[in-house]
Amino acid sequence: AGDSTTSHAIALWEQIGNSGDLTALANIFNAGSNGFRLSDAVLNTNGIPFPLVGPNGVLARLNGMPGVLVLCYGINDLRQGQVTRGELIAMLDAAIHATVNGTVAGSSYTSPMGAGTTFTWAASIPANPDCRIILWGPNSLASDGNGG
């Protein structure tokens, strides 16, 4: 799940899907949403095609089953000047918390990380405590500045 760096990584996902035993064991779903931000994915806003949380969201596809979630967000959040680095850290924490612990529609989670932002879940999803999460951070995450 991510922005254009994942939505345009078709060759990467095809290669992963054709890698030995992984082909038989994996159901690979590219949920890259070109031009969208992590805040859109976590809060299911701005018409994002693949939100993390929601009835048709990325985490609902895991449906409580073990899996691997690759999160690659942040470029659009920072370049568009929508968040600070601390807020981005809080959103990544919220995405991880939602994945592992599940969500209940209407309940809130306050991240103890970064900016300590509070998120209210738009939908319920089951917990995925055995899910492994890979944080794929593009180089531009090293900068707070627009266009960094």
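Note that the numbering runs from 1 along the sequence shown for the chain. These numbers come from a predicted model, not from an experiment.
- Using a distance-only test at 3.5 Å, with no hydrogens or angles considered, a donor-acceptor pair links the side chain of Ser124 to the main chain of Ala105.
- For the atom pair CG of Leu92 and OH of Tyr73, the computed distance is 10.5 Å after rounding to the nearest 0.5 Å.
- Closest approach of Ala122 to Leu43, counting heavy atoms only: CB-O, 4.4 Å.
- Checking side-chain atoms of Asn128 against main-chain N and O of Pro126 turns up a donor-acceptor pair under 3.5 Å.
- A distance of 3.5 Å separates CD in Glu87 from OG1 in Thr84, rounded to the nearest 0.5 Å.
- Rounding to the nearest 0.5 Å gives a distance of 9.5 Å between NE2 of His97 and OG1 of Thr110.
- The nearest pair of heavy atoms linking Arg37 to Ile48 is O-CD1, 4.4 Å.
- Between Ser108 and Thr118, the closest heavy-atom pair is CB-CG2, 3.9 Å.
- Remark: Leu52 CG to Leu38 CG distance equals 7.0 Å, nearest 0.5 Å.
- Between the side chain of Asp40 and the backbone N or O of Phe36, no donor-acceptor pair lies under 3.5 Å.
- In terms of heavy-atom proximity, Val104 sits nearest to Trp121 at O-CB, 3.8 Å.
- We find the OG-CD1 distance between Ser111 and Ile89 to be 9.0 Å, quoted to the nearest 0.5 Å.
- Put simply, the side chain of Leu69 reaches to within 4.5 Å of the side chain of Val58, judged on heavy atoms.
- Separation of atoms OG (Ser39) and CZ (Phe119) is listed at 8.5 Å; rounding is to 0.5 Å.
- With hydrogens and angles ignored, the 3.5 Å screen pairs a side-chain donor or acceptor of Thr103 with a backbone N or O of Ile125.
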